[in-house]
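Just below is one structure, and these are the notes that go with it.
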Amino acid sequence: MSQKTPAVVVDQVSKWYDQVIGLNDVSLAIDGGVTGVLGPNGAGKSTLFKLLMGRLKPSQGSVKLFGEDPWVNPSPYRRIGYVCETERMYDWMTALDFVSTLARLHGMTREEATARAEHVLDFVGLSDVQNKEIGKYSKGMRQRVKIAHALVHDPDLIILDEPLHGCDPIARTSIMSVIRELGTQGKTVLVSSHILEEIERITEQIVILNEGRLLALGNLHAIRGLLDKHPHRILLTCEDPRKLARRFIVENPVYGVRFPNEGQLEIQTNDLSAAHSILPRVITDSGVLVESIDNPDDNLEALLGYLIGGSS
Amino acid sequence: MSLPEEELNIDGVKTRMEVAYGAGDGDEDAKAIVAKSEAHVGTLFEQTYRPWDGELGPRWVRNYAIFRHHVYGLFRGTGHRHYHPMVKLTIFVILLYSLLPVLMLFLASLSTDGFMSDLFSRLWGINRYNLWGQVLGYFPRNLCCWPMLTALVVGGMISDDRKFGTSAIYFSRPVTRTDYTVMKYISVAVVLGFVIVLSYFVYYTSAIVFNGEGWAYLVDTLPMFLGGLIAGILVVITYTSIGLALSSISQSRFFAAIAFLGVIYGTKLLALLIESQFDTSILYVLSPYDSLAHIGQWLLGIEPNYDHPLAFSLVSMLLYNASAIALLTFRVGTLEVTRE
């Protein structure tokens, strides 16, 4: 039985620019759904995307898109849509002309290209301004034009380099819903961003890079669960934290409590799911009124802090 | 608590704001801007992605898309490569100017005076010198027309892609580096050829038509015509190679255009100065124009006005083309043209 080839396979890839290492022995395979590529500036995100798009040749290792090396063979690009970081486009063209022109680079006929361009521009919410010149667009609209041109040939793999950069909240929300929709349609979407909260709203599947090295890959919560040396915290806001603390400290998954502020109790545990499973019983038995329950370090920002802080 | 239906309906009946203002204590004439019924009209974009199940066309369709994008921009205002209206106008003027001998031939054909007819025939008629001059004459063709035409067309051909970041978009499509380079090359060559070679062709054929020449004339002059045609094609190839190579190393069409003019005029000027001081034409091998002119003189069978052997000019032209194409393919092959 033939096995399906993953959309992206990066095998022990390194890329260096003279003395500077851009990417250091990175291996990963991605197929299906939305994956966030995260890391601080200079982490190697753009280098990774350029390697995937065949714009750079790996110094070592191999990159395969749908089983083909993109540096040697551009045929996988029939199935790939790419949104590059640059904001510059043909400003004199209308969005419809721009997207349909690029559709024709995939071999579509004029009619097909125009119909398809109209659809993707409608999908990204630009149908009412599609005949306006791109030079007159706002930043958010330009980002959406870039997404539209990447989608025009109905790719299976979509690579978005900082698609939320410079967008206002409304444009961000719109772009995020577009990305989520593509993910639910079974497409493989790779998206990089500095805005962690928004990546978190799009996906829990992440790749974390720092200083060219792959730090983590997989589900956000699963990765967090693996960080044993950084205990999980559960923050409860309640009317009598000390009374509640007495109840919690005798429970097995809890190994420490703190009172960070007045009216707050912080429970420390190494097993977050076990701790959550005992929460309802302990709170009910204590009779203490709890206003809120929060996991302050089970998010992307905390995870990045632990990983990148730990690696440096 | 939700408002009653009649208070929500702001089209026709009193709105809540009108009720508040219309309290009857002297402010009956007071006006307030209230929401109009259009406020209820909204647009909900259908953000549903519809997959496409069409067949993507073959390689030639994609390559034709690159070609038409560059060439159609000269004729259409939008949707293609942008050429400034002044650029389009200049190219049109150069085309008209290159066709000027056709008009003169026509006027000469109307002359019945023997002396005038001979004079016109010498000035504009078909002969080796005039055919050479139509393609390779220095003034005005190779001083004002062809280098200017090339600079205007080729300047932004690759540098614009770098400037606007669109070369990265090209290479995120199933476009090979070879296709990209070849289609850019053909696009420039077609535009240059349209002006240089077509005007030469029209000039030759119109002489036959206007003078009512027959087969014997055609047989007599065809070898000359073909020699000039090859010279014209060599001009197009050499200028395209040099121009595209310069465009691939620059990020602005201005630099590429100026650099091209610098190569053509600079080498010519240098060789001219050396010749005037030392009475030797050897440095003309540095000038792409003079190498072509020398080869053209040989192809058309006219007396060369260079002292150095023809082989030097031939090697010079080959080296210019080879090095320009090597630079161009290196820049595209390493995808340096995508670096912004």
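Computed over heavy atoms, backbone and side chain alike; hydrogens, waters and symmetry mates excluded. We name chains A, B, ... by the order of the sequence lines, and we start the count at 1 in each one.
With a threshold of 4.5 angstrom between heavy atoms, Val83(A) does not approach chain B through any atom at all. If you measure heavy-atom distances from Arg116(A) to chain B, the contacts under 4.5 Å come from the side chain alone. Both the backbone and the side chain of Ile66(B) come within contact range of chain A, judged by heavy atoms closer than 4.5 Å. Interface remark: Leu102(A) contributes backbone and side-chain atoms alike to the contact with chain B (heavy atom separation under 4.5 Å). For Leu96(A), no part lies near chain B; criterion is any non-hydrogen pair under 4.5 Å. Contacts of Arg59(B) with chain A are absent, with no heavy-atom separation under 4.5 Å from either backbone or side chain.
Considering OG of Ser250(B) and NZ of Lys163(B), their distance stands at 10.5 Å, rounded to 0.5 Å. A distance of 8.0 Å separates CG of Leu151(A) from NZ of Lys187(A), quoted to the nearest 0.5 Å.
Listed options Met53(A), Met108(A), Glu133(A), Lys57(A) were ranked by heavy-atom pairs under 4.5 angstrom with chain B; first place goes to Met108(A). Of all the listed residues (Arg79(A), His149(A), Glu112(A), Lys146(A)), the one sharing the greatest number of non-hydrogen pairs under 4.5 Å with chain B is His149(A).
At a cut-off of 3.5 Å, with distance as the only test, no side-chain donor of Asn131(A) or Thr94(A) sits close to an acceptor on the other residue.
The aromatic ring centroids of Tyr90(A) and His69(B) lie less than 6.0 Å from each other.
In this structure, Arg177(B) forms a cation-pi arrangement with Trp71(A), its terminal cationic atom sitting closer than 6.0 Å to the ring centre and no more than 45° off the ring axis.
Side chain of Thr173(A) to main chain of Pro169(A): a donor-acceptor pair is present (N/O by atom type, distance under 3.5 Å, no hydrogens or angles).
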